[in-house]
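Residue numbers start from 1 in every chain, and the chains themselves are labelled A, B, ... in the order their sequence lines are given, proteins ahead of strands. Every value quoted in this text rests on a predicted model; they were computed, and no experiment measured them.
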Amino acid sequence: MSIYDKLNEEQRIAVEHKEGPLLILAGAGSGKTRVLTHRIAYLMEECGVKPWNILAITFTNKAAKEMRERVDNLIGEGAEDVWVSTFHSTCVRILRRYIDLIGYDRSFTIYDSDDQKTLMREICKYLDIDTKRTKERALLSAISAAKDELISPMQYEKECMGNYGKQVYAKAYNEYQKRLKANNALDFDDLIVKTIDLLTTHPDVLSYYQDRFQYIMVDEYQDTNTAQFKLIELLAARNHNLCVVGDDDQSIYKFRGANIYNILNFEKEYPEAKVIKLEQNYRSTQNILDAANGVIANNTERKDKKLWTANEKGDLIRFTQYETDYEEAAAIVDDIETTMKENGESYNDFAILYRTNAQSRVLEEKLVNRGIPYKLVGGVNFYARREVKDLLAYLKTIDNGMDDIAAKRIINVPKRGIGLTTIDRVTDYAIANEYSFFEALTRAEYIAGVGRALSRISSFVSMIEILRGKLDDPSYTLESLINEIIEATGYVEELQAEGTDEAKSRIENISELVNKVVTFEQEHPGGSLSEFLEDVALVADIDSLDENTEKVVLMTLHSAKGLEFPNVYMCGMEDGIFPGYMTISSEDDSEMEEERRLCYVGITRAMHRLTMSAARQRMVHGETQFNKPSRFVHEIPRFLVEVTADSLKPRYGGGTAYGSDGYGLADRGRGRFDYGSYDSGSRGYGSGGYGSAGTGSTGYGNSGSGSRGYGNAGYGSSTGRSSNVNGMSGYGVGQARKKSAIDLFADNSMIQKGFGAKPTKVTPTKEKIDSLNYGEGDTVKHTRFGAGTVTALKELPGDYEVTVEFEKGGVKKMRASFAKLEKL
DNA sequence: GTGCCTGCTCACGGG
DNA sequence: GAGCAGGCAC
């Protein structure tokens with residue numbers, strides 16, 4: 001029996017496709033990695049293709065590593081010569097060899113987003129750009145977008161002719177590139193762009209790689225941007241043996257330039273392409289799959305496909321709306337513990353997914369309290385911590401003396417009495433004489449006004465030069481280098497003297513960095529400093545995830561792509577969070593579609609059990625926000641969802657129905673749930689029926705009896721009575737889906753009065769406010785959230801607490817002194 | 001030149 | 001709510 005016998009028919013056809021372009025549309029969980037690895041094995045074993053003639057591109061190092069391991073397992077050793085790597089590391093490898101051909105030094109530095117921001121700040125100062133009006137971030141994202149589309153500064157400038165506002169961007173882009181070049185640095189986008197520059201201007205180099213990469217495979221093709229597409233096109237131009245694998249329904253990186261048309265138009269680009277659809281899912285239960293299909297069916301721009309599975313139906317998807325984000329987190333953690341015991345599973349069988357990194361904090365808190373081991377993916381990157389960045393800046397300065405950003409970062413860290421005035425003078429001198437900042441430091445004695453700082457500067461310079469000199473000895477390790485830096489600068493010593501908890505944790509991070517250096521040298525004997533730094537620059541958060549350690553995994557939905565877990569929790573399922581406020585208020589419908597694909601990705605991560613949750617109120621950026629359950633929850637066919645009432649202790653008085661929001665809670669018993677009339681399919685939603693029941697009773701709304709297309713407002717009361725409260729009833733026949741979802745809980749102010757919102761911490765107000773020029777019922781404008789109606793006002797000492805229902809951003813409660821609302 | 005305080009800004013995702 | 005830049009006092 002061969003390794004190919006276990007493949008299904010479509011998988012086998014894909015694996016055995018040898019020559020010519022191939023598009024594999026692989027639905028979630030359809031075994032695409034299996035196809036890719038088997039195809040590599042097949043090419044090598046059955047077709048005699050040399051491993052070094054195969055290039056497989058993935059999006060993360062983690063995926064690359066796994067792919068190599070799996071190929072190794074298939075064919076037994078020999079996969080190490082297959083070039084498996086990410087777009088970015090592929091480009092770095094090519095550039096390290098040939099970038100001098102396009103005018104950079106081969107020891108170039110890679111700038112991360114912090115470095116980019118620092119550089120842009122300098123540029124704004126230099127070009128007199130008012131950063132209040134034009135943000136660095138905006139400039140950088142415009143530049144990044146231009147690069148993703150392969151638009152050069154010159155082209156950009158042309159396009160901006162006559163548009164004064166845009167000309168600022170063009171100038172900034174131009175200066176930014178100039179400075180990157182002067183610093184011998186490349187940002188992430190440049191890695192791709194410069195590789196294309198190199199290949200298009202040097203046919204011999206291109207030809208070399210075209211010969212080398214006779215078989216090219218690209219994973220997650222739906223996430224490639226125009227530049228990446230172009231790169232692949234160049235490399236594959238001679239042999240046309242290009243195999244791309246992707247799923248248009250899982251395209252979730254538009255914000256960083258992903259061009260979904262790369263996959264949608266593949267057949268136009270390569271008319272001779274063979275197209276294979278993998279539609280059998282091996283991962284999830286039928287119910288989970290149906291839920292995912294139900295959600296994604298609301299998107300219009302997609303390739304037709306229908307996922308199916310031979311797996312059992314499985315459990316229903318569970319949904320619960322909690323009072324606060326804290327209760328939500330507590331309940332999830334509870335549930336993990338119970339389920340784990342009941343099913344004899346381990347912690348790594350559970351993943352908690354959320355839309356934004358900020359949501360992890362509350363969850364972490366609860367997990368720590370319970371002593372549950374967890375792994376947080378993302379958040380504040382290890383390499384973004386101050387102490388780690390400082391030490392890396394030393395390494396960068398030693399490695400690449402032209403990197404001004406790095407040199408300026410450490411010139412006075414730890415403090416050595418070289419202040420801003422001195423730095424400015426050195427900078428001016430450097431610019432005037434076209435030296436790098438570090439070069440200028442070596443000539444400090446010629447710089448007017450440096451005076452007192454001169455001796456300090458020279459000792460800094462000689463420290464760097466001595467360390468740099470040591471690297472000439474091939475037996476000198478990077479480990480010794482970093483230890484000498486720590487020693488010479490007194491960095492750790494200073495932290496030890498501080499003795500605070502924060503200082504201790506910084507010291508731990510530093511020793512962690514030293515560990516990483518050691519590991520790097522073990523894994524890459526003879527690896528250079530540049531290689532170490534590039535390794536560091538190109539790690540993704542997800543790379544550090546080891547699914548085999550017994551920990552609950554916490555991460556964003558974005559990070560979860562490509563992974564699977566027996567039990568998945570999708571929390572914060574609220575309009576305003578997911579889909580996010582930005583998406584809801586956007587004019588562009590495609591953004592909602594992207595958000596929906598993200599939801600699809602989340603759902604399809606689950607193998608056996610999917611639990612969704614929402615909170616009525618949560619703190620977002622210091623303001624209490626009231627959110628309705630996510631429209632995506634409503635898009636799951638109702639018969640697939642089991643809604644459980646928040647079963648925490650009764651707290652708001654038993655038996656009384658609160659709120660007209662249709663989620664009215666009664667006694668916190670384990671109530672039943674009713675969506676209203678979801679049965680009627682596309683025709684309408686019941687607004688009611690989210691009511692949970694009184695203790696053990698069946699106090700829920702009438703089910704929206706089929707054809708009528710609505711449900712009564714099902715406010716559970718302790719008597720289990722279903723009734724209309726405050727005149728809110730379900731939506732009528734034919735009510736548009738979208739509308740009902742949005743208006744479902746129109747009168748949120750009632751909840752607030754009923755529940756009495758969580759007391760906000762009273763902080764002294766900066767500016768005493770005695771009266772307001774607006775009141776309940778007035779329309780006001782918020783600088784960020786736009787227009788809204790004041791639904792409640794509460795007097796505080798010297799301030800007011802204003803509850804505003806925004807037209808687009810939901811209900812928010814804010815301090816009048818802080819929010820600066822303007823009456824309309 | 002250093003250190004503290006205040007006020008402002010950012011509130012989506014990441015290689 | 002948090003992190004950072006800028007202002008101000010020493």
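- Salt bridge status for A:R618 with A:E328: present, with a side-chain N to carboxylate O gap under 4.0 Å.
- Both A:V620 and A:S144 sit near DNA chain B, but only A:V620 has its closest nucleotide nearer the 5' end.
- Side-chain atoms of A:E136 and A:C124, non-hydrogen and from C-beta on, do get closer than 4.5 Å to each other.
- Note on A:F87: nothing from the nucleic acid sits closer than 4.0 angstrom, heavy atoms only.
- For A:F532 and A:H524, the distance between ring centers is not under 6.0 angstrom.
- In this structure, A:Y253 does not count as stacked on the base of B:dG14 under the 5.5 Å centre distance and 30° plane angle limits.
- In terms of the side-chain contact (heavy atoms from CB on, under 4.5 Å) criterion, residue partners of A:T604 (sequence neighbours excluded) are, by chain and number, A:A28, A:A292, A:Y600.
- The nearest whole Å value for the distance from the CG atom in A:D535 to the C1' atom in B:dG15 is 14 Å.
- Between the C1' atom of B:dG14 and the CE atom of A:M555 lies a distance of 14 Å, rounded to the nearest Å.
- In this structure, A:K147 is not positioned above the aromatic face of A:F188 in the sense of NZ or CZ being under 6.0 Å from the six-membered ring centre and within 45° of the axis.
- Contact annotation: A:T421 reaches the phosphate of B:dG1 (side-chain N/O to OP1 or OP2, under 4.0 Å).
- A straight line from CG of A:N61 to C1' of B:dG14 spans 13 Å, rounded to a whole angstrom.
- Residue pairs meeting the salt bridge (charged side-chain N to carboxylate O under 4.0 Å, His left out) criterion with at least one member in residues 448-460 of chain A: none, sequence neighbours excluded.
- Taking only side-chain nitrogens and oxygens, A:T60 never comes nearer than 4.0 Å to OP1 or OP2 of B:dG15.
- OP1 or OP2 of B:dC10 lies within a sub-4.0 Å distance of a side-chain N or O belonging to A:K135.
- Nearest to the side-chain atoms of A:F255 among the listed nucleotides B:dG14, B:dG15, B:dC10 stands B:dG14.
- Residues A:E494 and A:K415 are not paired through a salt bridge, judged by the lack of any N-O separation under 4.0 Å between the basic side chain and the carboxylate.
- Salt-bridge formation is not detected for the pair A:D248/A:R302: no Lys NZ or Arg NE/NH1/NH2 atom is positioned less than 4.0 Å from an Asp or Glu carboxylate oxygen.
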Polar pairs (N or O, both sides) under 3.5 Å between protein and nucleotides 2-6 of chain C?
| from | atom 1 | to | atom 2 | distance (Å) |
| --- | --- | --- | --- | --- |
| C:dA5 | OP1 | A:R121 | NH1 | 2.9 |
| C:dA5 | OP1 | A:R121 | NH2 | 2.8 |

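- Salt bridge status for A:D112 with A:K389: present, with a side-chain N to carboxylate O gap under 4.0 Å.
- As rounded to whole Å, 19 Å separates atom P of B:dG13 from atom CD of A:E220.
- Using a 4.0 Å heavy-atom cutoff across all strands shown, A:D541 reaches sugar-phosphate atoms only and no base atom.
- In the model, A:T226 has no side-chain atom that pairs as donor or acceptor with a side-chain atom of A:D148 under 3.5 Å.
- With distances taken from any side-chain atom of A:N357 to the nucleotides B:dG15, B:dG14, B:dC10, the minimum falls on B:dG14.
- Listed nucleotides: B:dG15, B:dG1, B:dG13. Nearest to the side chain of A:T356: B:dG13.
- Taking the ring axis of A:F108 as reference, the NZ or CZ atom of A:R96 stays within 45° of it and closer than 6.0 Å to the ring centre.
- As a whole-Å value, the separation of A:F578 CZ from B:dG13 C1' is 11 Å.
- A:S113 comes within 4.0 angstrom of nothing in the nucleic acid, heavy atoms only.
- Contact check, A:T556 against B:dG14: a side-chain N or O comes under 4.0 Å of OP1 or OP2.
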Atom pairs, protein N/O to nucleotides 8-10 of chain C N/O, distance under 3.5 Å:
none

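- Checking A:E595 against A:A540, the closest nucleotide of DNA chain B that is more toward the 5' end is the one next to A:E595.
- Per the geometry, CD1 belonging to A:I411 stands 14 Å off C1' belonging to B:dG1, to the nearest Å.
- Residue-level contact check: A:T583 touches neither bases nor backbone, having no heavy atom under 4.0 Å from any strand.
- Partners of A:S360 under the side chain to side chain donor-acceptor pair (under 3.5 Å) rule, at least two apart in sequence or in another chain, do not exist in this structure.
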Quick one: which protein N/O atoms are closer than 3.5 Å to N/O atoms of nucleotides 2-5 of chain B? Pair and distance per line, please.
| from | atom 1 | to | atom 2 | distance (Å) |
| --- | --- | --- | --- | --- |
| B:dT2 | OP1 | A:G417 | N | 3.2 |
| B:dT2 | OP2 | A:N412 | ND2 | 3.1 |

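- If you take CZ of A:R456 and C1' of B:dG1, they are 8 Å apart, rounded to a whole angstrom.
- The six-membered or imidazole ring of A:Y354 lies away from that of A:H558, with a centre-to-centre distance of 6.0 Å or more.
- One atom, CG of A:D543, and another, C1' of B:dG14, lie 11 Å apart when rounded to the nearest Å.
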